[in-house]
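Proteins come first, then strands; the chains are lettered A, B, ... in the order of their sequence lines, and each starts at number 1.
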Number of protein chains: 2
Amino acid sequence: MFSIDYHSRQPIYEQLYDNVIHLVSLGVLTPDEQLPPVRQLAMELGINPNTVSKAYKNLENDGMIYSVVGKGSFISGKSDITEWKKQEITTKITQAVQEAVKLGIEQQQIVELVDTVYKGGNQS
Amino acid sequence: MFSIDYHSRQPIYEQLYDNVIHLVSLGVLTPDEQLPPVRQLAMELGINPNTVSKAYKNLENDGMIYSVVGKGSFISGKSDITEWKKQEITTKITQAVQEAVKLGIEQQQIVELVDTVYKGGNQS
DNA sequence: TTAATTGTATTAATTGAGCTAGTACAATTA
DNA sequence: TAATTGTACTAGCTCAATTAATACAATTAA
């Protein structure tokens, strides 16, 4: 369910954070759905519970999830933060592409670049 | 001349690398122009000469500059400013798209976004 | 020729973020 | 009551980045 790159420069707890947002934006995780328990997810991923806890803690601070001791961690009902972030990144891409146009870069080159990224290129 | 964020997750030597490319793309640094000596730049930025050296070494490996013992390091003259700008914007787009992937934005949406920009939409 | 400047190389030590390890506590659930 | 859950805390480990100290070779300027 969660995919982690253990050799990435990006910390595991941040990758976990991004994973949750990603899954929510895809509709895989829905509001009030329970996330895997800290210990269980840590065991599945072969990492320390503290690392998972840190990810959950950050997600809760940002309003993406809510946690209750003894019950678990759940997806927040108001996940509009995802939409806000999508808007932000859309703007960033638009601006970057506009610069590319000014430099005379062909549209096809950009499309190929995007394709490369989606195929898993330029990682870590 | 160079701006470094000492608290960034990105290593100083990489920031220095990006700085040189940026300055060339702006036309501030021109081909065959000499870069600050390793020791001098290190002192100005309050960092270790080895860190500057590492940045210069990487820049030379990528053909961005050329270094001569006893003389100094100089901007490569092989490619004109436009090529440097393309290099910079390509990196920027790649990073932005990578963020989009994390958020679960579909590839088609990005392609459509690019298409819109190239058709003249989203003008500033 | 001599001294200063330059890039380069090497080895060792230091620093800090990230992660692990172990334990404990409180609230909830079965 | 016992198991599960999130949370908190301290200590230690790992690794990349950076620092530190030196040395060497080529160039430049005196």
Mind checking side-chain contact (heavy atoms from CB on, under 4.5 Å) for [X] and listing every partner two or more places apart, or none if nothing turns up?
X	value
B/Val69	none
B/Asp18	B/Gln10
A/Glu112	A/Gln108
B/Asp5	B/His7, B/Ser8, B/Gln15

**Q.** Electrostatic pair B/Lys85-A/Glu99, nearest N-O below 4.0 angstrom
**A.** no
Can you list the residues that meet the side-chain hydrogen bond (donor to acceptor under 3.5 Å, both in side chains) rule with [X], with sequence neighbours excluded?
X	result
B/Asp115	A/Gln107, B/Lys119
B/Glu33	B/Thr30
A/Glu60	none
A/Glu88	none

Q) For B/Asn50 and B/Tyr13, what are the C-alpha separation, side-chain angles and deciding distance, and is it a side chain to side chain donor-acceptor pair (under 3.5 Å)? A) CA-CA 9 Å; B/Asn50 292 334; B/Tyr13 71 89; over 6 Å; no
Can you measure [X] atom [atom1] to [N] atom [atom2] for me and round it to whole angstrom units?
X	N	atom1	atom2	value
B/Asn50	C/dT15	CG	C1'	15 Å
A/Ile4	C/dG18	CD1	P	15 Å
B/Leu59	C/dG7	CG	P	13 Å
B/Ile65	C/dT8	CD1	C1'	13 Å
A/Asn48	C/dG22	CG	P	10 Å

Q. If you check the A/Thr51 side chain, which of C/dG7, C/dT20, C/dT28 turns out closest?
A.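 Of all the options, the side chain of A/Thr51 is nearest to C/dT20.
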**Q.** Rounded distance (nearest 0.5 Å) linking atom CG of B/Leu23 with atom CD1 of B/Ile75
**A.**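 B/Leu23 CG to B/Ile75 CD1: 8.0 Å, rounded to 0.5 Å.
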Q | Outermost nucleotides of DNA chain D that come under 4.0 Å of a non-hydrogen atom of chain A | A | D/dT5 to D/dA17
Q. If you write DNA chain C from 5' to 3' in dot-bracket form, with Watson-Crick or G-U pairs under 3.5 Å, [ ] for crossing pairs and | for pairs with another strand, what do you get?
A. ||||||||||||||||||||||||||||||
Q. Between B/Ser67 and C/dG7, is there a side-chain N or O to OP1/OP2 distance below 4.0 Å?
A. no
Q: Between A/Gly70 and A/Lys57, name the one whose nearest nucleotide on DNA chain D is closer to the 5' end.
A: A/Gly70
(Q) Can you list, in residue-number order, the parts of residues 7-20 of chain B that come under 4.0 Å of DNA chain C, counting heavy atoms only? (A)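 By residue number: B/Arg9.
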Q.
Any side-chain to backbone donor/acceptor pair from A/Asp32 onto A/Phe74? Under 3.5 Å, distance only.
A.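 Not at all, since once roles are kept as given, no pair shorter than 3.5 Å links the two residues.
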Q. When you measure from every atom of DNA chain D, which of residues 34-41 of chain B have a heavy atom less than 4.0 Å away?
A. B/Arg39
Q: Starting from the C-alpha separation in whole Å, work towards a yes-or-no answer on side-chain contact (heavy atoms from CB on, under 4.5 Å) for B/Ser76 and B/Ile65.
A: CA-CA 4 Å; B/Ser76 175; B/Ile65 70 175; 5.5 Å; no
